[in-house]
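All chains are named by letter (A, B, ...) in the order of the sequence lines, taking the proteins before the strands, and each is independently numbered beginning at 1. Predicted model only: the values in this text are computed from it and were never measured.
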Amino acid sequence: MAEEVLLFGVWGSPFSRRVEMALKLKGVEYKYMEEDITNKSPALLKYNPIHKKIPVLVHNGKPIAESQVILEYIDETWQGYSLLPKDPYQRAVARFWAKFIDDKCLQPVFKACWGEEKDREKAAEEATELLKFLEEELKEKRFFGGESIGMVDIVASIIAFWLGVFEEASGVKLLTTEKFPKLCNWAHEFVSNGVIKENLPPRDKLIAYFRNRFGGANASK
Amino acid sequence: MAEEVVLLDFWASVFGMRVRIALAEKGIKYESKEEDLRNKSDLLLKMNPVHKKVPVLIHNGKPVCESLIIVQYIDEVWNDSSPLLPSDPYQRAHARFWADFVDQKVYDASRRVWRTKGEEQEAAKKDFFESLKTLVRELGDKPYFGGETFGFVDIALITFYSWFYVYETYGKFSIEAECPEIIAWAKRCMQKESVANTLPDQKKVYDLLW
């Protein structure tokens, strides 16, 4: 049967981009459908009636929602490149860090850059403490996945790329080489990777988008 | 090598209960260490330095944290019997989606039901019932969320049943009246030894908070 893979996403979303990175690393052909989240398509609402969000992967007519659920599905369905390790303990560790990034890091990072003035310093402190855990987890590895890019690296693309965009758009600096030498090194290696580079949204367009959407008079020194 | 399995837990934790059910389903022998959450042990802080929370499964000295991650780990390591997740990738994705839904929606709303008052509580009650009704639609005619057999999503949700008396008393509602199908499903799960032996008595949980 001819394979049909559809991906509903938004150009600037780290969540749909991470699915694209996974599909590309696996060499899976797919059709991309750009969503306007202010005017969601009937197809999106049909495929993700519960959360009505992107990304949604539709494989031969069957939808899967929630980016980390999609990443695991991609890894289990298509062979070749491995996104997760084979060893159950290493898999548990990878899942832990992926969940940590999404559940814990995103909110303080966002608040530090775009929150109300009075909340920003505290959020920045919190974000720094959380990023320290990631810095420590990296140890001497080239990527969180070891020698090659894995699921944690893909989920952490939000730190490798989107954080830099937030920083430039808001003027807030969180990821410095002084505090996070390993993480900065990793970020650079990650975004330089051929497949990843091709799947990142255009930086200037993204900076302009965030400035417009959340900026205003929030220029920091 | 002799297998060593230790569980750091708190008896009333809905998350710890998930792990205990999984261990019981698989017939795994383990040592249980009860934590005093107001005075966390050095072992807990060492094994879960990031979150400092229970449950933590320590398998041959190596810690696994986060309840659903632990349940998946248990399923992958002790894979010779009682599968907790389906083998088909699409069914697995489906199970992970709904377990995540329980964490995202049920947990948050249920906490707010007993911790807030007034308008906030009314909103929490609405969210709580909406999430349960969505789950009921997903359950449909099946005996379990896993289909014919008790599985991952059932484990994720059933532990909240031990807190139903808390929610009902603080929220001043009857879950059976609003959502009888959930009670029917819960009672079916409670017929399983692994669940019945794990879930504490609802009144005992209520007394903890009183």
Heavy-atom pairs under 4.5 Å with chain A, option from [options] with the top count:
| options | value |
| --- | --- |
| B/Y73, B/F97, B/Y90 | B/Y90 |
| B/R137, B/Q104, B/K105 | B/Q104 |
| B/V64, B/V77, B/I69, B/V50 | B/V50 |

Check the angle between the aromatic planes of [X] and [Y] and answer parallel, tilted or perpendicular using the 30° and 60° thresholds.
| X | Y | value |
| --- | --- | --- |
| B/F15 | B/F160 | perpendicular |
| B/W78 | B/H59 | tilted |
| A/W114 | A/F166 | perpendicular |
| A/H59 | A/Y73 | perpendicular |

Report which part of [X] has an atom under 4.5 Å of a heavy atom belonging to chain B: side chain, backbone, both, or neither.
| X | result |
| --- | --- |
| A/Y89 | both |
| A/H51 | side chain |
| A/I70 | neither |

Would a distance-only check, ignoring hydrogens and angles, find a side-chain to backbone donor-acceptor pair under 3.5 Å from [X] to [Y]?
| X | Y | answer |
| --- | --- | --- |
| A/E66 | B/D100 | no |
| B/T116 | B/V113 | no |
| B/E35 | B/F10 | no |
| B/K26 | B/L23 | no |

Do A/N48 and A/F8 come close enough that some side-chain heavy atom pair is under 4.5 Å?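 Counting from C-beta outward, A/N48 and A/F8 never come under 4.5 Å.
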Considering only heavy atoms, give the residues of residues 92-101 of chain A separated from chain B by less than 4.5 Å, sorted numerically, with 'none' for an empty result.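 When heavy atoms of chain B are the reference, residues 92-101 of chain A contributes A/A92, A/R95, A/F96, A/W97, A/K99, A/F100 within the under-4.5 Å range.
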Please classify the contact of B/R96 with chain A as side chain, backbone, both or neither, using a heavy-atom distance under 4.5 Å. both
Is B/E138 in contact with chain A via its backbone, its side chain, both, or neither, using a 4.5 Å heavy-atom distance?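 No part of it gets close to chain A.
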Gap between atom CZ of B/R18 and atom CZ of B/F152 - 0.5 Å precision: 8.0 Å
